Amino acid sequence: MSELDSSLRQLASLPVPAGLELIDDAVIAGFAAQRREASFSKRATFFAGAFALFLGLTTGGLVTGPPAQAQALSPFASDNPLAPSNLLDVHP
């Protein structure tokens, strides 16, 4: 631990680099840019969700005809449309 203490004392005795005075402005500008991007991201997500909801409601209202009937899909049924024997069968 004494080597670490002596290294830190030597580092503390060195003069402060001149470039450190300029780093504050760059860091604050980076925070501001990140805040703007986060704000834009939230707005874009909201508008995309609103558009998707509007589009879904609009196109859902345009569908006419009888509603589809749900059919039980059993992996052991002989008339299963996804059975390998049906998928490999050649249909003209």
Side-chain angles (χ1 to χ4, degrees):
M1 193 61 122
S2 63
E3 291 180 26
L4 179 61
D5 289 336
S6 63
S7 297
L8 289 175
R9 282 191 199 100
Q10 288 176 353
L11 187 61
S13 66
L14 293 174
V16 178
L20 284 180
E21 294 176 5
L22 305 174
I23 199 170
D24 290 340
D25 294 333
V27 169
I28 291 172
F31 285 150
Q34 185 178 12
R35 185 172 290 161
R36 282 191 305 271
E37 290 173 6
S39 175
F40 174 75
S41 176
K42 287 179 185 176
R43 277 188 265 134
T45 302
F46 171 76
F47 284 125
F51 178 71
L53 180 64
F54 173 75
L55 187 64
L57 290 174
T58 303
T59 57
L62 297 176
V63 174
T64 59
Q69 297 295 324
Q71 297 176 353
L73 188 63
S74 172
F76 303 111
S78 62
D79 61 344
N80 184 356
L82 299 178
S85 59
N86 289 339
L87 292 175
L88 297 175
D89 191 21
V90 177
H91 299 287

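Values in this document were obtained by computation on a predicted structure and should not be read as measured data. Numbers here are sequence positions counted from 1.
Under a hydrophobic clustering in which Ile, Leu, Val, Met, Phe, Trp and Tyr are joined whenever their side-chain heavy atoms come within less than 4.5 Å, directly or via other members, V16 and V27 fall into the same cluster.
Atom CG of L4 is separated from atom CZ of R9 by 10.0 Å, given to the nearest 0.5 angstrom.
In the displayed structure, I23 atom CD1 is contacted under 6.0 Å by at most 12 heavy atoms of other residues, nucleotides or ligands.
For the residue pair R43 / S39, a side-chain donor-acceptor distance below 3.5 Å is found, with atom types taken as modelled.
With hydrogens and angles disregarded, a donor-acceptor distance shorter than 3.5 Å links the side chain of T45 to the backbone of S41. S7 places a side-chain N or O within donor-acceptor distance of the main-chain N or O of E3, the cut-off being under 3.5 Å.
For L55, the side-chain contact (heavy atoms from CB on, under 4.5 Å) test picks out F51, T59, with sequence neighbours left out.
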